[in-house]
Amino acid sequence: MRGLSEDFYARPVLEVARELIGCTVAHGEAAGVIVETEAYHDSEPASHAFVGVTPRTRTLFGPPGRAYVYRSYGIHTMLNAVAEPEGVGAGVLIRALEPVAGIELMAARRGLTQSSSAQPASRLAQLEQLCSGPGKLTQALGVSLAQNASSLSSGPVRIGPRVRGWEDPPVLQGTRIGISQAVELPWRFAVAGCRYVSRPWPSASGRGGAAGR
DNA sequence: CATGGGATTGACT
DNA sequence: GTCAATCCCATGC
């Protein structure tokens, strides 16, 4: 797959976070469409880059279009796309995917058994939860810390443009999840009503279309 | 060099 | 709803 160019990422991080919705992430034969993202920027305290350039945040301040990969809670691996021009510490956390290729491989990596005798409803539920979280999708894709700072245009992990059927997805915007600072910023994006997202939409503006996961 | 805190998940009450 | 797992790294002495 041809990856998005560096120029795509060299823009305001909120723009990049919104436009990454509907794009495809691939690692080897495993791939999925991005359905949920969050933006982080060095100007706000929830961002790792808030503390400035350190060995950890070097990637975030580096060239756009690279992968920023880090370990969270000692267990989970998180995948971000570095955004904004070099010198600005910004990135987009990929939070959920709709699986599209290499599904058996991804299920195996997640420790799930692909039983063909299971009821269709149960198999669908399993598919919806295969990549429904930032730690889950890196496990399913096989992304590791070794991919930190690698190019998302030409490296092992790639992000390609929106394909047919995803030209103009309905995108909702809300507050980010799992942080304790700058919780009020509406820097989370997700496909409206999508069942592959990490958490049901916090329907603050009424009971919108987003049903449970 | 010691310490503390997570951009989470899954198991359990 | 609660809670532990477990490691990287920023910070402070």
Side-chain angles (χ1 to χ4, degrees), chain A residues 9 12-18 20-21 25 32 34-62 64 66-84 88-97 99 106-113 122 125-150 152 157 159 172-191 195-202 212-213:
Chain A
Y9 301 95
V13 68
L14 287 175
E15 230 173 272
V16 178
R18 176 183 288 276
L20 277 176
I21 299 291
V25 184
I34 299 171
V35 296
E36 181 182 349
T37 61
E38 282 178 2
Y40 290 86
H41 188 274
D42 61 33
S43 61
E44 47 89 15
S47 172
H48 291 169
F50 187 66
V51 298
V53 182
T54 65
R56 183 195 203 186
T57 63
R58 193 176 65 239
T59 307
L60 279 171
F61 284 90
R66 307 289 184 89
Y68 168 54
V69 185
Y70 68 93
R71 169 110 39 233
S72 179
Y73 292 95
I75 301 173
H76 304 291
T77 305
M78 303 283 149
L79 172 65
N80 299 248
V82 175
E84 309 247 359
V88 180
V92 175
L93 174 67
I94 312 299
R95 286 194 57 91
L97 307 178
M106 291 198 283
R109 285 190 179 126
R110 292 260 298 119
L112 304 172
T113 55
S122 140
Q126 179 174 294
L127 187 66
E128 287 170 352
Q129 291 166 43
L130 189 55
C131 298
S132 62
K136 293 178 177 181
L137 71 89
T138 53
Q139 185 181 19
L141 288 175
V143 171
S144 76
L145 296 181
Q147 272 98 49
N148 184 46
S150 69
L152 293 169
V157 181
I159 300 182
L172 293 180
Q173 187 169 358
T175 54
R176 297 175 294 184
I177 292 173
I179 54 173
S180 56
Q181 310 223 250
V183 295
E184 72 288 352
L185 295 178
W187 286 10
R188 177 186 178 214
F189 300 89
V191 177
R195 297 186 53 85
Y196 295 85
V197 299
S198 63
R199 307 249 295 261
W201 204 256
R213 65 192 215 170

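Computed from heavy atoms alone, side chains included, the values below leave out hydrogens, waters and symmetry copies. Residue numbers begin at 1 in each chain, while the letters A, B, ... track the order of the sequences.
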*Taking the side chain as C-beta and beyond, is there a heavy-atom pair between A:Pro45 and A:Phe50 under 4.5 Å?*
yes

_Can you say whether a donor on the side chain of A:His48 sits under 3.5 Å from an acceptor on the base of B:dA7, or the other way round?_
yes

_Tell me the interatomic distance from A:Arg95, atom CZ, to B:dA7, atom P, rounded to whole angstroms._
11 Å

*Say whether A:Gln129 and A:Arg110, considering side chains only, have a donor N or O and an acceptor N or O under 3.5 Å apart.*
no

Could you go through nucleotides 9-13 of chain C and list every protein N or O atom that sits under 3.5 Å from one of its N or O atoms, giving the distance for each pair?
from   : atom 1 : to      : atom 2 : distance (Å)
C:dA10 : OP1    : A:Thr54 : OG1    : 2.6
C:dA10 : OP1    : A:Arg56 : N      : 3.0

*Show your reasoning for whether side-chain hydrogen bond (donor to acceptor under 3.5 Å, both in side chains) applies to A:Arg71 and A:Thr77.*
CA-CA 5 Å; A:Arg71 169 110 39 233; A:Thr77 305; 3.2 Å; yes

*Base, sugar-phosphate alone, or nothing: which one does A:Arg110 contact when heavy atoms must sit under 4.0 Å apart?*
sugar-phosphate

*Could you tell me the separation between the CZ atom of A:Arg71 and the P atom of B:dA7, rounded to a whole number of Å?*
14 Å

*Of the options A:Gln173, A:Glu38, A:Glu36, which is the one that meets A:Arg188 in a side-chain hydrogen bond (donor to acceptor under 3.5 Å, both in side chains)?*
A:Glu36

*Write down the distance between CG (A:Leu130) and P (B:dT9), rounded to a whole number of angstrom.*
13 Å

*Nearest whole angstrom, please: distance from the P of B:dT8 to the CG of A:Leu79.*
14 Å

*State the CG-CD distance between A:Leu14 and A:Glu84, to the nearest 0.5 angstrom.*
8.0 Å

*asked:* Is it the case that the side chains of A:Asp42 and A:Ser47 hold a donor-acceptor pair, with the cut-off being a distance below 3.5 Å and no angle test?
replied: no

*Given Watson-Crick or G-U pairs with both distances under 3.5 Å, what dot-bracket string fits DNA chain B, with | for other-strand pairs and [ ] for crossing?*
||||||.|||||.

*Let me know the distance between CD of A:Glu36 and P of B:dA7, rounded to the nearest Å.*
16 Å

*At under 4.0 Å between heavy atoms, what does A:Ile75 touch on the DNA or RNA strands: base, sugar-phosphate, or nothing?*
base

*Could you work out which one of B:dG6, B:dA7, B:dG10 sits closest to the side chain of A:Tyr73?*
B:dG6

*Roughly how many Å is it from CG in A:Leu137 to P in B:dT8, rounded to a whole number?*
12 Å

*Consider the side chain of A:Leu93, meaning its heavy atoms from C-beta on, and name the nucleotide among C:dC7, C:dT6, B:dA7 that approaches it most closely.*
B:dA7

*Going by the side-chain contact (heavy atoms from CB on, under 4.5 Å) test, name the single residue among A:Asn80, A:Leu93, A:Ile21 that passes it with A:Thr37.*
A:Ile21

*Just call it for A:Arg176: base, sugar-phosphate, or nothing, with non-hydrogen atoms closer than 4.0 Å on any strand.*
nothing

*Residue closer to the 5' end of DNA chain C, A:Leu145 versus A:His76 (nearest nucleotide)*: A:His76

*Map A:Leu60 and A:Gln139 onto DNA chain B by nearest heavy atom, then report which one ends up closer to the 5' terminus.*
A:Leu60

*Flag as yes if A:Tyr40 stacks onto the base of B:dA7 (centroids under 5.5 Å, planes under 30°), otherwise no.*
yes

_Distance, rounded to the nearest Å, where A:Arg199 contributes CZ and B:dA7 contributes C1'_ = 12 Å

*Supply the atom-to-atom distance A:Leu185 CG to A:Thr175 OG1, rounded to the nearest 0.5 angstrom.*
9.5 Å

*Test A:Tyr70 against A:His48 for ring pair (Phe, Tyr, Trp, His ring centres under 6.0 Å), laying out the working first.*
CA-CA 10 Å; A:Tyr70 68 93; A:His48 291 169; 4.5 Å; yes

*How close or far is atom C1' of B:dG5 from atom CD1 of A:Ile179, stated in whole angstroms?*
15 Å

*Contacts of type salt bridge (charged side-chain N to carboxylate O under 4.0 Å, His left out), residue A:Arg176, not counting sequence neighbours*: A:Glu44

